[in-house]
Amino acid sequence: MRLPFFYGWVVVAVTFVTMAIGVNARTAFSLFFPPIISEFGWERGVTAGAFSFGFVVSGVVSPLIGRLMDRAGPRAVMELGIVLMGGGLLLAPLTSAPWHLYVTIGVMVGAGSVCLGYSGQSLFLPNWFIRKRGFAIGIAFAGVGIGSVTLLPWVQHMIEGAGWRTACTAMGLLILVVLAPINLFLHKRPEDIGLQADGDAAPAAGAAKPVSNVVDPVWVNTDWTLKRAVATARFWWIAVGYFCGLYIWYAVQVHQTKFLLDIGFSPNVAVWALGIVSLLGIPGQILLGHVSDRIGREWVWAISCAGFAISFAALMVLKFQPSLWLVYVMVFTQGALGYGLTSIMGAVVFEIFQGKHQGSIFGTIMLAALAGGAAGPWLTGVLYDRAGDYTLAFGIAMVVSGLSALAIWQAAPRKVRAVAGRLHKLQA
């Protein structure tokens with residue numbers, strides 16, 4: 001029986017809920033962190049290292065998840081992620097030694113987050129849309145923001161009332177009970193269930209062919225394996241762009257709260273600023289995803305990088321002129337503009353390297369992205385320790401923002417496939 005609407009929107013809805021719970025389940029470690037330290041008295045570096053180790057695990061398994069997606073599809077990848085993340089959170093309350101956290105929060109939750117988060121979802125969701133690709137991904141990934149303002153306060157309330165172990169167990173059960181069944185509705189491509197991308201009808205015999213969005217037929221008709229992709233300049237430009245993109249993202253996200261406290265703002269303002277960034281990211285991702293379908297992926301990537309650059313500039317000025325309006329500028333440009341990166345991250349790779357091996361290619365590129373996510377906070381901290389303030393670190397981050405925009409412009413997805421808003425130029 002046919003649905004009265006395109007099944008791709010079911011896929012978007014499942015992704016939205018999965019991202020809302022899955023991504024924020026990993027983020028919730030920051031809420032578990034204080035009571036764990038308080039209970040065991042371990043060093044902060046050792047305890048926080050479990051979360052950082054999860055980043056390393058994410059990077060290692062990312063190419064493997066891409067291969068699994070190519071071979072078995074999204075249901076296998078998502079259910080594996082659900083078992084790993086749910087199991088890790090259910091076992092974490094049994095912790096009595098640091099290595100227990102490294103196994104549960106680090107290995108299990110870290111590996112599961114690759115499946116359930118941005119990387120895993122970007123491996124198949126772009127298949128379902130062409131004309132509305134950026135818009136659909138933007139809606140799906142906005143689930144992270146909704147989850148952060150609904151799920152995390154609930155977790156904190158539970159920690160305060162029943163303890164971190166009960167909250168951790170509840171999160172694990174939520175993942176298994178909610179995400180395990182709904183992810184059975186996923187399919188890798190619309191063609192797998194007799195549909196066309198965007199819900200288009202199959203072309204009738206003898207009917208005029210729809211306008212193709214292919215700009216470079218030779219490139220598109222190449223059977224892109226990982227080996228062939230790695231041998232191209234485009235692959236490495238994307239890798240550089242994604243490394244720099246996550247570098248700036250996590251550099252500001254990790255350090256902005258401490259910076260605001262250091263220059264005299266109250267804890268309420270510092271916490272409010274971090275929360276509003278996530279809220280602004282919801283409409284920002286959706287709107288910029290839609291805009292990318294009209295003007296192109298490179299332009300929106302550049303706009304998002306400019307958002308991060310402006311937020312770093314505002315932070316630099318705040319040191320010398322602490323004012324609330326500059327905090328507003330920093331928060332708006334980071335959330336409403338910067339977070340637009342996620343809405344087109346999958347689209348850029350798919351429009352350049354679409355094919356049977358796109359999962360393996362994207363998973364390998366995400367190694368560079370995750371390395372950037374790890375390097376940004378670390379190098380920013382090191383530069384602060386050496387210089388005594390954040391001025392040099394934020395200045396370098398502004399340069400990295402520009403390099404990220406330049407790299408995606410050089411990768412030039414517009415020269416391989418045109419977005420819907422540019423099809424009229426192909427016709428002309």
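Here the structure is a predicted model, which is why all the values come from computation and not from measurement.
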With a 6.0 Å cut-off on ring centres, are Tyr250 and Trp378 close enough? no
Asn127 vs Gln358, test: side-chain hydrogen bond (donor to acceptor under 3.5 Å, both in side chains). Steps then yes/no. CA-CA 10 Å; Asn127 286 327; Gln358 60 198 22; 3.0 Å; yes
Okay, side chain of Ser58, backbone of Gly110: is any donor-acceptor separation there less than 3.5 Å? yes
Above 12 or not: heavy atoms from other molecules or residues under 6.0 Å from NE2 of His290? no
Do Arg414 and Trp409 meet the cation-pi criteria used here (NZ or CZ under 6.0 Å from the six-membered ring centre, within 45° of the axis)? yes
Give a yes or no on whether the backbone of Asp293 and the side-chain of Arg131 come within a donor-acceptor separation of less than 3.5 Å. no
Once the angle between the rings of Tyr390 and Phe259 is folded into 0 to 90°, is it parallel (under 30°), tilted (30 to 60°) or perpendicular (over 60°)? perpendicular
Is the terminal nitrogen or CZ of Arg234 (NZ for Lys, CZ for Arg) located under 6.0 angstrom from the six-membered ring centre of Trp219 and within 45° of that ring's axis? yes
Proximity of Tyr328 and Trp272 rings by center, below 6.0 Å: yes
For Phe135 together with Phe129, are the ring centres under 6.0 Å from each other? no
Salt bridge Arg133-Asp198, side-chain N to carboxylate O under 4.0 Å: no
With under 30° as parallel and over 60° as perpendicular, where do the rings of Tyr242 and Trp301 fit, or are they tilted in between? parallel
Does the side chain of Met345 reach to within under 4.5 Å of the side chain of Met366, using non-hydrogen atoms? yes
Between Arg67 and Ser360: side-chain donor-acceptor atoms closer than 3.5 Å: no
Please check if the side chain of Arg75 supplies one atom and the backbone of Leu186 the other of a donor-acceptor pair under 3.5 Å. yes
Min side-chain heavy-atom separation Ile82-Asn183 under 4.5 Å: yes
Tell me the side chain to side chain donor-acceptor pair (under 3.5 Å) pairs involving residues 111-120, sequence neighbours left out? Arg26-Ser113
Side chains of Phe353 and Ile238: does their closest heavy-atom pair fall under 4.5 Å? yes
Going by the angle between their ring planes, with limits at 30° and 60°, are Phe362 and Phe350 parallel, tilted or perpendicular? perpendicular
